[in-house]
Amino acid sequence: MKWQMMFDRVSKSGDTKEKVIKKFAKLETYFGRMKSQIQTGFVTLSRGERWGYKVKTMFRLPGKEIVAEGKSKTLLSAIDLTYGKAAKEVRQYLERLKDRRKK
């Protein structure tokens, strides 16, 4: 899966982009046979004046669009929150698929 990044008032310098891609690439371990059907994921990193950083990710699985968002005072913790929410949604989706196949 390819990850497209958008930066809104967040510096592109350093290894931020590599850290984000490395973190969200871990989601691919859940996909299994669906890897070939998933094309592109989007990650938006933005900085607000009051609440710190916001990270939002969106990608499409067959029959479901996964959207997760995390806010925190530090960028790395916002990335971790978003990854956790996205992983939870993917696991729930895959459990529902397994339950449907058993019926």
Legend entry - Min side-chain heavy-atom separation F59-V67 under 4.5 Å: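 No, every pair of side-chain atoms sits at 4.5 Å or beyond.
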
Say whether [X] and [Y] are linked into one hydrophobic cluster, either directly or through other cluster members, by side-chain heavy-atom distances under 4.5 angstrom.
| X | Y | answer |
| --- | --- | --- |
| L81 | Y30 | no |
| M58 | I66 | no |
| M6 | V10 | no |

Listed pairs under 3.5 Å, donor-acceptor, residues 40-53 side chains, sequence neighbours left out:
| residue | atom | partner | partner atom | Å |
| --- | --- | --- | --- | --- |
| S46 | OG | K54 | O | 3.4 |
| R47 | NH1 | Y53 | OH | 2.8 |

Inset, instruction - Show your working on side chain to side chain contact (heavy atoms under 4.5 Å, CB included) between Y83 and V55 and close with a plain yes or no. - result: CA-CA 9 Å; Y83 170 78; V55 178; over 6 Å; no

Return the minimal non-hydrogen interatomic distance between [X] and [Y], and the atom names on each side.
| X | Y | answer |
| --- | --- | --- |
| G63 | Y93 | N-OH, 4.3 Å |
| T57 | A86 | CG2-CB, 4.1 Å |
| A78 | S72 | N-CB, 3.7 Å |

Using distance only, find each side-chain donor-acceptor pair of residues 14-28 under 3.5 Å and give its atom names and separation, not counting sequence neighbours.
| residue | atom | partner | partner atom | Å |
| --- | --- | --- | --- | --- |
| K23 | NZ | D80 | OD1 | 3.2 |
| E28 | OE2 | M1 | N | 3.4 |

Legend entry - K56 atom NZ, neighbour heavy-atom count above 12 within 6.0 Å: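 No, not enclosed.
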
Inset, instruction - Please round to the nearest 0.5 Å and tell me the distance separating atom CZ of R96 and atom NZ of K64. - result: 5.5 Å

Inset, instruction - Drop me the distance from R101's CZ to K98's NZ, to the nearest 0.5 angstrom. - result: 8.5 Å

Inset, instruction - Any chance you could lay out the side chain to side chain contact (heavy atoms under 4.5 Å, CB included) test for K88 and K85, step after step, and finish with the verdict? - result: CA-CA 5 Å; K88 182 179 177 181; K85 290 178 182 180; 5.7 Å; no

